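So you know, we letter chains A, B, ... as the sequences are listed, proteins then strands, and number each from 1. What you are looking at is a predicted structure, and each value in this text was computed from that prediction instead of being measured.
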Amino acid sequence: GENVEQHPSTLSVQEGDSAVIKCTYSDSASNYFPWYKQELGKGPQLIIDIRSNVGEKKDQRIAVTLNKTAKHFSLHITETQPEDSAVYFCAAPLYTGTASKLTFGTGTRLQVTL
Amino acid sequence: ETGVTQSPTHLIKTRGQQVTLRCSSQSGHNTVSWYQQALGQGPQFIFQYYREEENGRGNFPPRFSGLQFPNYSSELNVNALELDDSALYLCASTTAGGSTDTQYFGPGTRLTVL
């Protein structure tokens, strides 16, 4: 099965700085990589995802890069704001039968300080 | 916010009891997955339901069971509760079609087992 590792576990940045979170995966057949943001007391919210036919995807201040050869993908947040403070999870497909299921990383707690 | 709803929000049970959690999928979604998220961890896949049948299962014992109804809503049942079952239980909905379908999560049910 798929194994996803995520680093760092905690990340503190000053407002306006950039934040980068990295994940590696084990199954070379994986072809879909979502990122979720989870605020306290809430469920994970999809913020961006990338499919294996592209190497980079950007949505305003958020971008994701994918290196299939090295089997790693990264989340980049630029111009961080206090409301970016949350726990971020990367994920990769878990192949059991049909339809998508996910294996998650262990999470990165991002704190944006003023 | 996604259109996935879960009930109840919080639940307290004692060891050995049974619990039923409920999930309504987002409009147009026919597949529901359940995840367990222990404190400080990423969500772990329990099982998925598609067309009212179990469609893949993670590493959870048989005392974790589920149902899906014709309107695509779903229930998670846990028998003989153990202290380690204390966690946030999340459901996610998607449309079955392959391994790259986006999953949308509900807010979760916080289960505490005493």
Query raised in the report: Under a 4.5 Å cut-off applied to non-hydrogen side-chain atoms, are N55(B) and E53(B) in contact?
Result: no

Requested in this report: Go through the atoms of Q6(B) and report whether side chain, backbone, both or neither lie under 4.5 Å from a heavy atom of chain A.
Outcome: neither

Query raised in the report: What orientation do F33(A) and Y25(A) show, parallel under 30°, tilted 30 to 60°, or perpendicular over 60°?
Result: tilted

Query raised in the report: Non-hydrogen atoms of chain B under 4.5 Å away: do they reach the side chain of Q6(A), the backbone, both or neither?
Result: neither

Report summary line: Okay, P34(A) and chain B: the region with an atom under 4.5 Å from a heavy atom over there is neither

Query raised in the report: In terms of the angle between their ring planes, are F45(B) and Y35(B) parallel, tilted or perpendicular, with boundaries placed at 30° and 60°?
Result: perpendicular

Report summary line: Ranking P43(B), G42(B), P107(B) by heavy-atom pairs under 4.5 Å to chain A gives rank one to P43(B)

Query raised in the report: Is any NZ, NE, NH1 or NH2 atom of the basic residue among D85(B) and K13(B) found under 4.0 Å from an Asp or Glu carboxylate oxygen of the other?
Result: no

